Structure formats: C-alpha cells, structure tokens
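Everything on this sheet refers to the single structure shown next.
Values below: every heavy atom of this structure, side chains too, minus hydrogens, waters and symmetry copies. All figures in this text were calculated on a predicted structure; none of them were measured in a lab. We're numbering straight along the sequence, starting at 1.
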Amino acid sequence: MNLDNNAHSVFLLHYHLVLVVKYRRQVFDDGISSRAKEIFEYIAPNYNITLEEWNHDKDHIHILFRAHPNTEISKFINAYKSASSRLLKKEFPQIRQKLWKEHFWSQSFCLITTGGAPIEVIKKYIESQGQRGRKRKWDGGKQSI
C-alpha cells in the first residue's frame with residue numbers, strides 16, 4: 001500500500017463521489033463524460049486531489065479520488081460543478097435542450113469515504129486500547145491483537 005504524505009503527516013484518503021444531472025436528465029455519453037473527466041483532472045490538483053477512477057451512466061457520474069487531509073472537499077466539488085456545468089453546456093449545445101433553466105448538476109451529491117479495514121475491525125481495535133494483559137504484535141504495518 002502506497003501512502004500519501006506531506007511535511008507532517010502520512011495518510012491515505014479515498015472518496016467515492018456521485019454527481020447526478022439535474023432532473024436525472026440523460027445527457028451523458030462517452031464524449032461528454034470524457035470532457036467532464038478532463039475538467040475534473042484540470043481542477044483537481046489545485047485542491048490536492050488525484051483522480052483514481054471515473055465512469056458514467058446516462059444521468060450521473062461516479063468518481064473515485066484521493067485527497068489530502070487539508071483538502072476542502074466541498075469547495076472543490078462546488079468549483080468542479082460550476083466549471084463543468086458552464087463548459088459542458090457551452091461545448092455541447094445539445095445538452096441545453098434536455099435541461100430546464102441553467103442548471104446542469106443536481107444541487108445534492110453523494111460522497112462516501114472508502115477505506116481498507118471494515119468499521120467493526122476498527123471499533124474492536126479502538127475498544128481494546130488501554131487494556132492490560134493483551135499482547136500486541138506488529139504485523140507488516142498492521143497492528144493485530
């Protein structure tokens with residue numbers, strides 16, 4: 001596992017983001033998705049974000065990305081939605097025919113953190129902290145009890 005780092009910390013933060021087109025209008029095809037991905041990749045470095053995986057359906061996109069602990073994710077999402085909405089409608093005029101008013105993205109979004117260990121394993125590990133008489137051993141970067 002390769003960890004990210006900065007001057008004072010080591011981390012690995014993955015997020016799964018789902019963005020939906022306003023009114024669930026079916027506007028995405030491969031060309032529009034590809035351009036939306038390019039816009040994401042252009043804006044992302046300004047927020048210490050790295051794209052890991054991208055895919056689309058006709059009315060939404062799925063994005064897996066890495067971020068730094070100091071990344072303001074909601075600001076990034078708003079910046080991305082604003083820029084991509086403006087550029088996609090400009091570059092693909094057929095989109096405007098499928099949308100009402102000027103909105104491209106739904107106001108809401110789904111953001112889910114992803115990680116290695118299941119929550120129950122982490123809970124048990126935290127619960128066991130400070131208990132005497134339990135041996136702990138170091139196992140290749142994973143502490144097991």
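Taking hydrophobic clusters as Ile, Leu, Val, Met, Phe, Trp and Tyr residues chained together by side-chain heavy-atom distances below 4.5 Å, Leu111 does not share a cluster with Leu12. If you chain together hydrophobic residues whose side chains sit under 4.5 Å apart, Val20 and Trp54 never meet in one group. Tyr23 and Phe92 are members of different hydrophobic clusters when ILVMFWY side chains are connected at heavy-atom separations under 4.5 Å. If you chain together hydrophobic residues whose side chains sit under 4.5 Å apart, Val18 and Tyr15 never meet in one group. Both Phe109 and Ile61 belong to a single network of hydrophobic side chains, linked directly or stepwise wherever heavy atoms of I, L, V, M, F, W or Y lie under 4.5 Å apart.
For Tyr42, the OH atom counts as loosely surrounded, since its 6.0 Å shell holds 12 or fewer non-hydrogen atoms of other residues, nucleotides or ligands. Annotation for Glu53: atom CD does not count as buried by contact number, only 12 or fewer foreign heavy atoms lying within 6.0 Å.
Below 30°, between 30° and 60°, or above 60°: for Phe76 and Phe40 the angle between ring planes is above 60°, a perpendicular geometry.
Remark: Glu102 pairs with Lys89, Arg96 by the salt bridge (Lys or Arg N to Asp or Glu O under 4.0 Å) rule, at least two apart or across chains. Applying the side chain to side chain donor-acceptor pair (under 3.5 Å) criterion to Asp59, with sequence neighbours excluded, gives Arg24. Scanning for side chain to side chain donor-acceptor pair (under 3.5 Å) contacts around His16 gives His62, with sequence neighbours left out.
Side-chain polar atoms of Asn6 and Ser9 form a donor-acceptor pair below 3.5 angstrom. Thr114 and His14 form no side-chain donor-acceptor contact under 3.5 Å, judged by distance and modelled atom types alone. Between Ser82 and Trp105, the side chains place no donor N or O within less than 3.5 Å of an acceptor N or O (distance only, hydrogens not considered).
Annotation: the span from Ile77 atom CD1 to Ser84 atom OG amounts to 11.5 Å, rounded to 0.5 Å. Taking CG of Leu87 as the start and CD of Glu38 as the end, the distance is 10.5 Å to the nearest 0.5 Å. Atom-to-atom distance recorded for Leu51:CG and Leu17:CG is 10.5 Å, nearest 0.5 angstrom. Asp29 CG to Ile95 CD1: the interatomic distance, rounded to the nearest 0.5 Å, is 8.0 Å. Distance CD/Glu52 to CD1/Ile63: 12.5 Å, rounded to 0.5 Å. Note: His68 NE2 to Asp4 CG = 5.5 Å, rounded to the nearest 0.5 Å.
Under a 3.5 Å cut-off, the side chain of Lys98 and the backbone N or O of Gln26 do form a donor-acceptor pair. Put simply, the side chain of Thr71 gets close to the backbone of Tyr47: a donor and an acceptor are under 3.5 Å apart. The backbone N or O of Ser106 sits less than 3.5 Å from a side-chain atom of Lys81, completing a donor-acceptor pair.
When all heavy atoms of Ser85 and Phe104 are compared, the pair lying nearest together is OG-CB, 3.2 Å. Between His56 and Asp30, the closest heavy-atom pair is CE1-OD1, 3.1 Å. The two residues Ile49 and Ala67 come nearest to each other via the heavy atoms CG1-CB, 4.1 Å. The nearest pair of heavy atoms linking Lys37 to Tyr80 is N-OH, 4.5 Å. Closest approach of Ala79 to Ile43, counting heavy atoms only: O-CD1, 4.2 Å. Across every non-hydrogen atom of Asp57 and Phe28, the tightest pair is O-CB, 3.2 Å.
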Inset, instruction - Show the numbers, then the answer: is there a side chain to side chain contact (heavy atoms under 4.5 Å, CB included) between His103 and Leu99? - result: CA-CA 7 Å; His103 302 287; Leu99 297 174; over 6 Å; no

Inset, instruction - Run the numbers on His60 and Leu19 for side chain to side chain contact (heavy atoms under 4.5 Å, CB included), then give the verdict. - result: CA-CA 6 Å; His60 66 279; Leu19 297 176; over 6 Å; no

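Taking 4.0 Å as the cut-off between side-chain N and carboxylate O, Lys124 and Glu127 do not count as a salt-bridged pair.
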